[in-house]
> 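Take a look at the following structure, please.
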2 protein chains.
Amino acid sequence: MKRKRIPQTTIARLPLYLRYLLKLARKGLRIISSYELAEHVGTNAAQLRKDLSYLGEFGTRGVGYDVAELIRQISKCLGLTKEWKIAIVGMGKLGPALLGYKGFEQEGFKIVAIFDKNPKKIGKKMGNLVVSDVTNLKEVIEKVGGVDIGIITTPASVAQKVANQLIDAGVRAILNFAPVTLGVPSNVVLRQVDLTTELQILSFHLT
Amino acid sequence: MKRKRIPQTTIARLPLYLRYLLKLARKGLRIISSYELAEHVGTNAAQLRKDLSYLGEFGTRGVGYDVAELIRQISKCLGLTKEWKIAIVGMGKLGPALLGYKGFEQEGFKIVAIFDKNPKKIGKKMGNLVVSDVTNLKEVIEKVGGVDIGIITTPASVAQKVANQLIDAGVRAILNFAPVTLGVPSNVVLRQVDLTTELQILSFHLT
DNA sequence: AATTTCTTGTGAATTTAGGCACAAGGCTAT
DNA sequence: ATAGCCTTGTGCCTAAATTCACAAGAAATT
């Protein structure tokens, strides 16, 4: 097949496949069919096979997919072979919750710096990190040897300013929880997680 | 025009339009053009106009849109004219963070019950609610007169079980933060917020 | 070796979403 | 009035995503 660009929607599904595959691997399962995997991820077999076909041909016809091989290939595609360094800005309610979330480290995401602007929080120890002053964001990030992903958990009013600071400090990917649409240059990747929006979408469907 | 079904993608953008419109209204602005509104929401004018055209014709050619009227129409479309009642299950790290988030109540989402299974947490007061035993989920939800939306912030291992309990208690919409793909009947709306997935998508784009 | 039984991989068709470009319509000024 | 200027609303075309349906290939069986 002529290999094409991987669609956005496929990329968004790969992590779900990976998660279930890891679960299967822990259970000791070695082979899985497109049918069964799709079932557990809430999609259909045709979609799953097409998704995987963008990465290559890993299945065995008449048999299924080798779990370990698929894990390897998806991980490689998603760039999960290296450890990514993360900074969290905003230690209100959500920031500490994310900091304490075990899932990240397990998947190769390491939080290396945390920031706030409240003097009462700066210098405090949270987890095994110390809260830095957001004013020194660039210097702190340089001191830890750079950061790959910035997570914004500040109030909406300062989120754009924080995003600019992160970008200025060399951060190329941002995950924003603040309820505001951020503007970033095209060489920076931005993902938005918006709780109110999610609830409003649910509200629409309930109506 | 023949009115058609509103696309999923449009529905997901309406909350973003609404948020910026509310900001404009607070500033006292009364009229906005498709161009300017689109700009602030990270889309383009044609898309915005097409999105709004699914709801009706609210603009004035040569002028723009009336901010108050648009707010009214989008709110109506999203079903934001009534107050929705919410239950949060799982009072670990994330649950309390969501409970403390001011944004919900402002937008007409009221948290009316919170649950955990840890005996040390049950009975404790958080915010102005008391943590109930998840075992009694159905009865507690009945006692508060029913719940529209359930938010799951439990570990992945019990999320499906909790979802089933919520559905059994009459909940028709679920927002799941647990890192697992849930299965729900087709008359229940499900949205997934998955932090690890988001980071992995960013990782892909950084690679 | 041939046949049957699976399940993958993928062209082709279908559906859905996005964007262009311009006619339609309203406001302002002369 | 009428002309000129703006911005909306939308038909139509393009692009992206999904689904279908079947040939291709591998293992098991006769």
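Labels below follow one simple rule: chain letters A, B, ... track the order of the sequence lines, proteins then strands, and each chain is numbered from 1.
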> From OH of A:Tyr54 over to P of D:dA16, roughly how many Å is that when rounded to an integer?
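Distance, rounded to whole Å: 11 Å.
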> Does a nitrogen or oxygen in the side chain of A:Arg49 sit under 4.0 Å from OP1 or OP2 of D:dC20?
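No, A:Arg49 has no side-chain N/O under 4.0 Å of OP1/OP2 on D:dC20.
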> Between B:Ile6 (CD1) and C:dT15 (C1'), how many Å, whole number?
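Spelled out: CD1 on B:Ile6 to C1' on C:dT15 is 18 Å.
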> For atom CD of A:Glu39, is the number of surrounding heavy atoms from other residues, nucleotides or ligands below 6.0 Å larger than 12?
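No - once you tally the heavy atoms of other residues, nucleotides and ligands closer than 6.0 Å, there are 12 at most.
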> Does A:Asn44 have a side-chain nitrogen or oxygen under 4.0 Å from the phosphate oxygens OP1 or OP2 of D:dT19?
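Looking at the OP1 and OP2 atoms of D:dT19, one of them is under 4.0 Å from a side-chain N or O of A:Asn44.
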> In terms of side-chain heavy atoms of B:Ser33, which of D:dA17, D:dT8, D:dT19 is nearest?
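Shortest atom-to-atom distance from the side chain points to D:dT8.
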> Show me the protein contacts with nucleotides 12-15 of chain D, counting only N or O atoms at under 3.5 Å.
residue : atom : partner : partner atom : Å
D:dC12  : N4   : B:Lys50 : NZ           : 3.2

> Got a list of protein N/O to nucleotides 25-30 of chain C N/O distances below 3.5 Å?
residue : atom : partner : partner atom : Å
C:dG25  : N2   : B:Gly62 : N            : 3.3

> Rounded to whole angstrom units, what separation is found between the CZ atom of B:Phe58 and the P atom of D:dT8?
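After rounding, the gap between these two atoms is 14 Å.
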> Is the shortest side-chain heavy-atom distance between A:Arg13 and A:Tyr17 below 4.5 Å?
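They are in contact (side-chain heavy atoms under 4.5 Å apart), so the answer is yes.
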> Given that both pair distances must be under 3.5 Å and the pair must be Watson-Crick or G-U, what runs of three or more consecutive pairs involve DNA chain D?
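Expected stems, ordered by start: C:1-30 with D:1-30.
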> For B:Tyr35, which contact category applies under a 4.0 Å heavy-atom criterion: base, sugar-phosphate, or nothing?
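The answer is nothing, as B:Tyr35 stays clear of every strand by at least 4.0 Å.
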> Rounded to whole Å, how long is the line connecting atom CG of B:Asp51 with atom C1' of C:dG18?
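Atom CG in B:Asp51 sits about 10 Å away from atom C1' in C:dG18.
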> Quick check: do A:Arg191 and B:Ile201 have side-chain heavy atoms less than 4.5 Å from each other?
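Contact flag for A:Arg191/B:Ile201 side chains = yes.
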> Is it the case that over 12 heavy atoms from other parts of the model lie below 6.0 angstrom from the NZ atom of A:Lys23?
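12 or below, so no.
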> For a 4.5 angstrom cut-off between non-hydrogen side-chain atoms, does B:His205 reach A:Gln8?
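Side-chain contact under 4.5 Å: yes.
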> Please round to the nearest 0.5 Å and tell me the distance separating atom OH of A:Tyr20 and atom CG of A:Leu29.
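With rounding to 0.5 Å, OH (A:Tyr20) is 8.0 Å from CG (A:Leu29).
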> What is the distance, rounded to the nearest whole Å, between atom CG of A:Leu37 and atom C1' of C:dT7?
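Taking atom C1' of C:dT7 as the reference, CG of A:Leu37 is at 14 Å.
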> Under 4.5 Å between any side-chain heavy atoms of B:Leu52 and B:Ile74, yes or no?
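Heavy-atom side-chain distance check passes, below 4.5 Å.
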> Does any non-hydrogen side-chain atom of B:Val67 lie less than 4.5 Å from one of B:Leu70?
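No - every pair of side-chain heavy atoms lies 4.5 Å or more apart.
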> Has A:Phe58 got more than 12 heavy atoms of other residues, nucleotides or ligands less than 6.0 Å from its CZ?
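More than 12 within 6.0 Å, yes.
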> Within this structure, what is the CG-to-P distance between B:Leu70 and D:dT7, rounded to whole angstrom?
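Taking CG of B:Leu70 and P of D:dT7, I get 16 Å after rounding.
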> Compare every heavy atom of A:Ile149 with every heavy atom of A:Val171, then report the nearest pair and how far apart it is.
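Minimum heavy-atom separation between A:Val171 and A:Ile149: CG1-C, 4.0 Å.
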> For B:Thr153 and B:Val89, indicate whether the former's side chain and the latter's backbone hold a donor-acceptor pair under 3.5 Å.
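Judged by distance alone, yes, a pair lies under 3.5 Å.
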> Does a side-chain N or O from B:Tyr65 land closer than 4.0 Å to OP1 or OP2 of D:dG9, or not?
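So the side chain of B:Tyr65 is within the cut-off, an N or O lying under 4.0 Å from OP1 or OP2 of D:dG9.
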> Can you tell me if the side-chain N/O atoms of B:Ser34 get under 4.0 Å from OP1 or OP2 in D:dT7?
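No, because none of the side-chain N or O atoms of B:Ser34 sits under 4.0 Å from OP1 or OP2 of D:dT7.
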> Quickly work out the B:Arg13 CZ to C:dA17 P distance and round it to whole Å.
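Atom CZ in B:Arg13 sits about 9 Å away from atom P in C:dA17.
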> Taking atom NZ of A:Lys121 as the centre, report whether more than 12 heavy atoms of other residues, nucleotides or ligands fall under 6.0 Å from it.
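Above 12, so yes.
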> In this structure, how many angstroms lie between the P atom of D:dT10 and the CG atom of B:Leu55, rounded?
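B:Leu55 atom CG is separated from D:dT10 atom P by 12 Å.
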> Between A:Gln8 and D:dA17, is there a contact of a side-chain N or O with OP1 or OP2 at under 4.0 Å?
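False: A:Gln8 side-chain N/O out of range (4.0 Å or more) of D:dA17 OP1/OP2.
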